[in-house]
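Everything below concerns the one structure shown next.
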Amino acid sequence: MDKFLKFLAEIMEVNVENLSLQTEYQSIPQWDSLMHLRIVAEIEEKYGVEIPIDEVPDIKTLGDFYKYISNE
Amino acid sequence: MDVLKVSGVKIRGIVACLPENILDNKAECSELFGEGVNTLIKATGINARCIANIGTSSLDLGVAAAKKLMIETGTSPEEIGAVICVTFTPEYLMPADAPAAQARLGIPNHSMAFDINMACSGYGYGLYVAAALTRALNKKVLLLDGDVQSAYVSRHDKATFPVMADIGTATMIEPDNTSDEWRFSFYTDGSRREALFIPAGGTKRPVQQNDLDYKEYEDGSKRRDIDIYMDGFEVFKFVAQDVSKFIARFMEEIKLSSESINAFVPHQANIYMIEQLAKKLKFKSDIVWKSGNEFGNPASGSVPLTIAKNAAEWFEQGKGGNILISGFGGGLSISVANIKLLSNGFYSIIHYGKGE
């Protein structure tokens with residue numbers, strides 16, 4: 001989980017201490033709609049998982065992203 | 001779901017006219033996104049965007065495309081019974097662009113000429129109306145679809161600037177009693193219109209002096225109220241959920257399987273979105289036609305631009321023309337159609353002002 005948050009912190013260019021699985025969409029200025037797509041693309045590439053497009057808008061927290069990789 | 005059917009018409013050809021500039025998107029967005037520009041390009045898949053010079057209109061581009069199309073298809077102005085312009089960026093708020101297209105192309109005065117303002121879903125609307133008019137008139141109908149969005153895009157806006165582009169296109173629709181039936185369907189949710197709109201400049205909010213000032217927003221974007229506002233997440237949600245469901249339902253309704261389609265031509269919102277949409281609809285990636293990676297998202301003209309870019313080479317490889325097209329966006333609205341492209345049609349891209 002720590003590695004996952006570090007990975008996201010690098011993408012969003014924020015300090016990892018500012019992130020947790022409870023961090024919500026748009027609660028930090030860096031996580032806007034385009035960043036949302038970037039995160040999906042980066043997770044799919046790094047972890048080899050597929051996040052179906054119709055589920056992407058329902059992802060509200062970093063924990064929602066984490067579910068896709070922790071199920072693997 | 002209503003399915004509208006038109007038969008007895010065909011597309012004789014489609015020409016897209018690129019504006020003067022093809023800009024490298026990474027270079028253009030590096031100031032706005034800093035080091036994040038690499039992942040931005042990766043996530044959107046838009047490597048370049050075509051942008052018009054200030055003062056070049058979508059009508060200029062569309063008329064240039066139409067001239068090329070008329071020459072190549074041997075169409076004289078007298079054969080054309082109507083001109084339709086699909087655009088939300090006309091040269092003037094009033095009158096419409098289509099009458100000027102009639103005059104510039106020498107189309108007879110007794111012709112019908114009018115605009116359709118539908119933003120990104122517009123090509124399906126234009127094509128349906130043009131097809132119905134072709135039948136009613138038993139004459140050729142010229143459909144110009146294009147926008148110069150850059151006139152309304154703030155270069156400091158993180159949602160719109162990295163994706164939006166300009167284009168002009170021309171499609172010639174002709175009577176043909178031997179042709180296959182075309183099928184269309186449309187979807188509207190006007191309750192969400194403010195997810196993608198231009199706040200000031202209409203009658204609801206006539207332009208005031210302060211609408212010309214750049215305002216700064218939480219995400220660091222800056223734009224004027226006369227610029228396009230897009231709630232990127234709402235629009236993405238619309239595409240991811242409503243559009244994918246609506247297209248799937250349309251295919252089910254007309255009993256069209258993903259294997260029976262030769263090509264899927266979606267509005268080029270961004271490459272990531274169309275690839276995911278195609279995956280959801282179970283289309284193989286090699287039948288998804290693209291142009292957004294090279295030219296950006298030029299609103300409704302993206303569908304005819306994508307056909308103009310891909311069709312000739314596709315038919316050279318001996319592949320079929322049973323295609324599914326779909327536009328989606330402002331309104332919010334969706335158009336979807338199953339049409340037949342002919343291998344002997346004329347499909348081409350030209351560059352504005354390069355002697356064509």
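Just so it is clear, the model here is predicted, and its values are computed rather than measured. By convention in this document, chain letters (A, B, ...) are assigned in the order of the sequence lines, proteins followed by strands, and residues within each chain are numbered from 1.
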Does the pair Gln241(B) and Asp58(A) meet the rule for a side chain to side chain donor-acceptor pair (under 3.5 Å), with working shown?
CA-CA 10 Å; Gln241(B) 298 179 337; Asp58(A) 296 328; 3.2 Å; yes
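Interface residue Asn270(B): only side-chain heavy atoms are found under 4.5 Å from chain A. With a 4.5 angstrom heavy-atom cutoff, Lys158(B) touches chain A via backbone and side-chain atoms both. Of the two parts of Glu10(A), neither the backbone nor the side chain holds a non-hydrogen atom closer than 4.5 Å to a non-hydrogen atom of chain B. For Ile51(A), the part lying under 4.5 angstrom from a heavy atom of chain B is the backbone only.
The pair Glu253(B)-Arg183(B) does not meet the salt-bridge criterion, since no charged nitrogen lies less than 4.0 angstrom from a carboxylate oxygen.
Within residues 21-28 of chain A, the residues that have a heavy atom under 4.5 Å from a heavy atom of chain B are Tyr25(A), listed by number.
Remark: side-chain polar atoms of Gln268(B) are paired, donor with acceptor, to backbone N or O of Ser291(B) under 3.5 angstrom.
Interface check for chain A: of the options Ala240(B), Pro162(B), Ala43(B), Ala159(B), the most heavy-atom pairs under 4.5 Å are formed by Ala240(B).
Ring planes of Tyr229(B) and Phe197(B): perpendicular class, angle over 60° (limits at 30 and 60°).
Here the rule is salt bridge (charged side-chain N to carboxylate O under 4.0 Å, His left out) with Asp242(B), and of Arg192(B), Arg249(B), Lys237(B) only Arg192(B) fits it.
Phe65(A) has its ring centre less than 6.0 Å from the ring centre of His36(A).
Closest heavy-atom contact between Ile22(B) and Cys50(B): CD1-CB, 3.7 Å.
The environment of Glu252(B) atom CD is sparse: at most 12 non-hydrogen atoms of other residues, nucleotides or ligands sit within 6.0 angstrom.
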